[in-house]
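By convention in this document, chain letters (A, B, ...) are assigned in the order of the sequence lines, proteins followed by strands, and residues within each chain are numbered from 1. Note that the structure is a prediction, hence the values are computed from the model and not measured.
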Protein chains: 4
Amino acid sequence: MSEGNIAGDALRLYVERIERLTEERKGISDDIRDVYAELKANSFDTKTVRACIRLRAQERHARQEAQALLETYGAQLGLFD
Amino acid sequence: MSEGNIAGDALRLYVERIERLTEERKGISDDIRDVYAELKANSFDTKTVRACIRLRAQERHARQEAQALLETYGAQLGLFD
Amino acid sequence: MSEGNIAGDALRLYVERIERLTEERKGISDDIRDVYAELKANSFDTKTVRACIRLRAQERHARQEAQALLETYGAQLGLFD
Amino acid sequence: MSEGNIAGDALRLYVERIERLTEERKGISDDIRDVYAELKANSFDTKTVRACIRLRAQERHARQEAQALLETYGAQLGLFD
DNA sequence: ACGTTTGCGCTTTAGC
DNA sequence: GCTAAAGCGCAAACGT
């Protein structure tokens with residue numbers, strides 16, 4: 001058969017794309033790890049920095065929620081018409 | 001003070017680097033998600049593909065572990081001295 | 001009130017069950033530690049033994065995963081209907 | 001050779017003992033998991049219960065430390081002579 | 001859409 | 001004291 005196993009090839013392609021992306025993601029995780037190692041070497045406390053970042057993410061998230069709520073209300077009140 | 005809060009600046013820089021990297025990583029996760037969506041749209045079964053990838057990763061990992069074990073044995077037997 | 005704080009009692013019971021089990025688990029961990037100490041005292045290399053066990057566990061796990069994958073494929077192909 | 005591979009046998013024995021113990025430990029972990037599932041089914045909040053248990057462990061630990069400190073001081077002061 | 005279940009990242013602990 | 005592995009908690013993913 002000249003066409004080969006087309007479905008199998010497609011599957012292989014997908015699997016490889018995902019594995020490639022997963023590897024990239026792993027690389028970034030390693031980079032993050034390195035940054036933590038670096039700041040630790042400069043006498044910062046890793047745990048505290050992690051807490052800071054978590055907090056900032058939460059606040060960012062809360063802000064987005066508040067914004068979304070505002071827009072919902074605004075739409076209800078016809079402010080954007 | 002012309003130097004500002006140096007430690008604070010350094011911390012801010014680290015935090016921002018980490019946040020940037022985390023964002024990138026998130027982007028890649030989204031890409032992976034997209035690939036799954038795409039293959040699903042092409043009639044592949046997501047769960048099966050995930051299982052394939054997981055299995056491949058495990059086998060890869062087991063192979064590495066086996067290799068490491070061999071080296072440990074070798075070291076024990078003084079093969080590398 | 002003759003019934004006492006029922007919910008509180010139930011909670012206390014759960015907490016104590018969990019603490020008891022956790023303690024048991026800790027005991028077993030200590031036993032494992034002792035076995036390693038014993039084999040070390042008999043001139044075995046701890047690191048190597050750990051590597052062996054890890055490898056065996058991985059292979060066992062990979063085998064199970066492979067089996068699960070087969071079954072997933074089978075289900076996809078309607079082999080069990 | 002009538003004696004077989006003695007060192008190998010001893011190793012196998014150790015490995016099996018450890019694997020057995022590890023399995024038991026795993027079983028207990030599963031039991032704990034079950035308890036959490038059960039209390040969750042009875043409308044308790046898993047996360048809160050975990051927090052309680054952690055807190056109790058900490059307090060127990062703190063009490064032991066305080067006790068140890070007291071004994072150290074006591075010994076210094078010749079209270080137990 | 002929700003609840004359950006599994007996978008993944010972080011935290012913590014143990015070994016070196 | 002640091003690195004690496006194991007256990008735990010969370011969050012996304014699957015099934016209902």
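Between the NZ atom of Lys26(A) and the C1' atom of dC8(E) there is a distance of 12 Å, rounded to whole Å. Here the P atom of nucleotide dC14(F) and the CG atom of Leu39(B) are 10 Å apart, to the nearest Å. Taking atom CG of residue Leu69(B) and atom P of nucleotide dA5(F), one finds them 13 Å apart after rounding to whole Å. Atoms CG (Asp31(B)) and P (dA12(F)) sit 16 Å apart, rounded to a whole Å. Protein atom CD1 of Ile53(A) is 10 Å distant from nucleotide atom P of dT11(E), rounded to whole Å. One can place CG of Leu21(C) at 16 Å from C1' of dG7(F), the figure rounded to the nearest angstrom. Atom NE2 of His61(B) and atom C1' of dA4(F) are 11 Å apart (whole Å). In this structure, Ile28(D) atom CD1 and dA6(F) atom P are separated by 18 Å, rounded to whole Å.
Here the CD-OG1 distance, from Gln67(D) to Thr72(D), works out to 9.5 Å after rounding to the nearest 0.5 Å.
Under a 4.0 Å N-O distance rule, the pair Arg60(D)/Glu19(C) qualifies as a salt bridge. Under 4.0 Å is where a charged nitrogen must lie from a carboxylate oxygen, and between Arg17(C) and Glu38(D) at least one such pair does. In summary, Glu24(A) and Arg20(A) engage in a salt bridge, as defined by a charged side-chain N under 4.0 Å from a carboxylate O.
Closest to the side chain of Thr46(C), out of dC8(F), dC16(E), dA6(F), is dC16(E). Taking every side-chain heavy atom of Arg54(B) into account, dG7(E) is the closest of dG9(E), dT11(E), dG7(E).
Nearest-nucleotide mapping onto DNA chain E: of Arg25(B) and Tyr36(C), the residue sitting toward the 5' end is Arg25(B). For the pair Glu65(B) and Thr22(C), nearest-nucleotide mapping onto DNA chain F gives the more 5' position to Glu65(B).
Close to dA4(F), at under 4.0 Å from its OP1 or OP2, lies no side-chain N or O of Arg50(C). At dC16(E), none of the side-chain N or O atoms of Lys47(C) fall inside 4.0 Å of OP1 or OP2 (strictly under the cut-off).
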side-chain hydrogen bond (donor to acceptor under 3.5 Å, both in side chains) evaluation trace for Asp45(B) with Tyr73(C): CA-CA 9 Å; Asp45(B) 179 57; Tyr73(C) 273 138; over 6 Å; no

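Contact annotation for Arg33(A): no contact, since no heavy-atom pair falls under 4.0 Å across all strands. At the heavy-atom level, Ser29(B) lies nowhere under 4.0 Å from the strands shown.
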